[in-house]
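Start at 1 and go down the list; that is how both ligands and their atoms are numbered. It should be emphasised that the depicted structure is a prediction, and the values quoted were computed from it without experimental measurement. Only heavy atoms go into these numbers, but all of them, side chains included; no hydrogens, no water, no symmetry mates.
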Amino acid sequence: MFHAENPAAGPVEPRLREVRAEIGRTGTYTHTPGELVFGARAAWRNSGRCIGRLYWRSLRVRDRRHVRDPRQVAAECVEHLRDAAPGRRIRPTVTVFAPDRPGAPGPRIWNEQLIRYAGYEMDDGSVVGDPRYAGFTTMLRKLGWPGGPGTPFDVLPLAVSADPGPPLLAELPGDAVLEVPISHPVHPWFEELGLRWHAVPAISNMCLEIGGVCYRAAPFNGWYMGTEIGARNLADEDRYDLLPVVARRMGLEVGNDRSLWRDHALVELNVAVLHSFEKAGVTMTDHHTEARRFLIHLEREERAGRTCPADWSWIVPPISGSATPVFHRYYTDVRLSPAFAHHPDSLE
Ligand code: HEM
Ligand SMILES: N=C(Nc1cccc(CNC[C@@H]2CCCN2)c1)c1cccs1
């Protein structure tokens, strides 16, 4: 009997016998390269909160299961960033480090993403930078990180550990961190705000779980959808909280909710983000395009006879929901495996 998914994989029974024997001997088993690649792609395909799954078959997999030492893990994360965005074209990529094995837990990356900005807590209680990472920044400083120049966009170091005890801290070299300055196509005052954002979103705190094996360090990247930066990272009150700033510069009636000043500011912030990435030639998608692509993916999956899990509250974009086609339907959010999962013992 062949794998319905993957005829090239050959009959499954002999492989299952091999796996059971290895588990009997060692308490775990080792994926073949083909199993690892397909498992990672299937994990992406099974991610019910992801709107970007149309290209799930093209995920690039960097097999680094022989790497466990924190210094080497950090070096490979830097290489991942270079490899994922060789110019300004971004390529969906995952790097898989050593899994947990009995008696030898795999390495763990403490950062939520490979690239995140520091949040410096000032004496007056205000935060310079990203408030979401104020606690993480404070912890890193206690672990000896000297801190950056103190701008609102200081890139945090990687924190990686393989054994119990404090993590290794490793700065990211500037050439591995592609960034885009934010300007607006019509408002020249926009770039005076000095805003910027990094090009490559790379999640580093989720476990890649395939056939019962947990790869707790398996950073994966895609490209950004503009709303993530324009409607959440730069707009949320507990993030960079820029809606009042943008609205005032636009001359809007900030004191009166019914003027919809927040909504006007949100749209212009998102226009600026899409415009800036386009001008910089860096891969980014908008929420209308991505919504359309997702429904194509959903239809293809149904035609392939597969259940495509989806979580409405994550799939529908944070602005203009009902102006996108993903809003006007229901989904089933079933948990499938392989998967990218949040494990409780991750250091959030
Ligand atoms: C290629 C372009 C991609 C786009 C535009 C995209 C877009 C998104 C967006 C907008 C979210 C919601 C994030 C949020 O609201 O915070 C998301 C979630 C997610 N994406 Fe994708 N994605 C892409 C590629 C990928 C890849 C390559 C993977 C893994 C191999 C992936 C796995 C996931 C997972 C696991 C989540 C849920 C995260 C969680 O539960 O916290 N995505 N994606
Ligand atoms: N475009 C992306 N965005 C993304 C995907 C998964 C998870 C996240 C981060 N989600 C957490 C944030 C923080 C609060 C709400 N959302 C972003 C990708 C990241 C990695 C591959 S694609």
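- Those atoms of ligand 2 that come under 4.0 Å of a heavy atom in Arg132, given as number and element, are 13 (C), 14 (C).
- At a heavy-atom cutoff of 4.0 Å, ligand 1 is contacted by no atom of Arg232, backbone or side chain.
- Atom 38 (C) of ligand 1 has its closest protein heavy atom at Met206 SD, 3.9 Å.
- The nearest protein atom to atom 33 (C) of ligand 1, hydrogens excluded, is given as Cys50 CB, 3.8 Å; this is a heavy-atom distance.
- The protein atom (non-hydrogen) at minimum distance from atom 7 (C) of ligand 2 is Ile203 CD1, 3.5 Å.
- Thr283 contributes a side-chain N or O that, together with a main-chain N or O of Ile90, makes up a donor-acceptor pair within less than 3.5 Å.
- With a heavy-atom cut-off of 4.0 Å, Phe220 touches ligand 1 through its side chain alone.
- Asn256 and Ser259 share no donor-acceptor pair across their side chains, judged by distance under 3.5 Å alone.
- A distance of 6.0 Å or more separates the ring centres of Phe340 and His342.
- Of the charged side-chain nitrogens involved, at least one lies within less than 4.0 Å of a carboxylate oxygen, so that Arg249 and Glu192 count as a salt-bridged pair.
- For ligand 1, the polar-atom distance check against His342 finds a nitrogen or oxygen pair separated by under 3.5 Å.
- Atoms of ligand 2 found under 4.0 Å from any heavy atom of Gly222 (numbered from 1 in listed order, with element): 20 (C), 21 (C), 22 (S).
- We find that Arg15 and Glu35 are joined by a salt bridge, their nearest charged nitrogen and carboxylate oxygen being less than 4.0 Å apart.
- Within the 4.0 Å heavy-atom cutoff, Trp223 counts among the residues contacting ligand 1.
- For Glu302 and Arg306, the salt-bridge test fails: no basic side-chain N is under 4.0 Å from an acidic carboxylate O.
- When Glu228, Met206, Glu112 are checked for heavy-atom proximity to atom 1 (N) of ligand 2, Glu228 turns out nearest.
- Contacts between Tyr55 and ligand 1, counted as non-hydrogen atom pairs separated by less than 4.0 Å, are absent for every part of the residue.
- No side-chain donor-acceptor contact under 3.5 Å links Tyr55 and His297.
- Interface of Phe340 with ligand 1, defined as ligand atoms under 4.0 Å from a residue heavy atom, comprises 29 (C), 30 (C), 35 (C).
- The nearest protein atom to atom 25 (C) of ligand 1, hydrogens excluded, is given as Trp44 NE1, 3.3 Å; this is a heavy-atom distance.
- Remark: Asp83 engages Arg60 in a salt bridge, criterion side-chain N to carboxylate O under 4.0 Å.
- Between Trp110 and Phe136, the ring centre distance reaches or exceeds 6.0 Å.
- In terms of protein heavy-atom proximity, atom 16 (N) of ligand 2 is nearest to Trp314 CH2, 4.6 Å.
- Within the structure, ligand 1 has Asn221 among the residues with a heavy atom less than 4.0 angstrom away.
- Between Phe153 and His198, the distance separating the two ring centers is not shorter than 6.0 angstrom.
- Between Phe327 and Trp312, the gap from one ring centroid to the other is short of 6.0 Å.
- Across the listed options Pro219, Ser47, Ala218, Ser47 owns the non-hydrogen atom lying nearest to atom 35 (C) of ligand 1.
- Of the protein's non-hydrogen atoms, Ile51 CG2, 3.8 Å is the one closest to atom 7 (C) of ligand 1.
- The shortest N or O to N or O distance between Arg49 and ligand 1 is below 3.5 Å.
- Distance alone, capped at 3.5 Å, is enough to place a donor-acceptor pair between the Tyr240 side chain and the Pro152 backbone.
- For Arg132 and Asp238, the salt-bridge test fails: no basic side-chain N is under 4.0 Å from an acidic carboxylate O.
- Looking at Arg53 against ligand 1, nothing comes within 4.0 Å, counting heavy atoms.
- For atom 4 (C) of ligand 2, a protein non-hydrogen atom is found at a distance below 4.0 Å.
- For ligand 2, the atoms closer than 4.0 angstrom to any heavy atom of Trp223 are 1 (N).
- A distance of 6.0 Å or more separates the ring centres of Tyr215 and Phe97.
- Shortest contact from atom 16 (O) of ligand 1 to any protein heavy atom: Trp314 CZ3, 3.7 Å.
- Distance remark: protein heavy atom present below 4.0 angstrom from atom 22 (S) of ligand 2.
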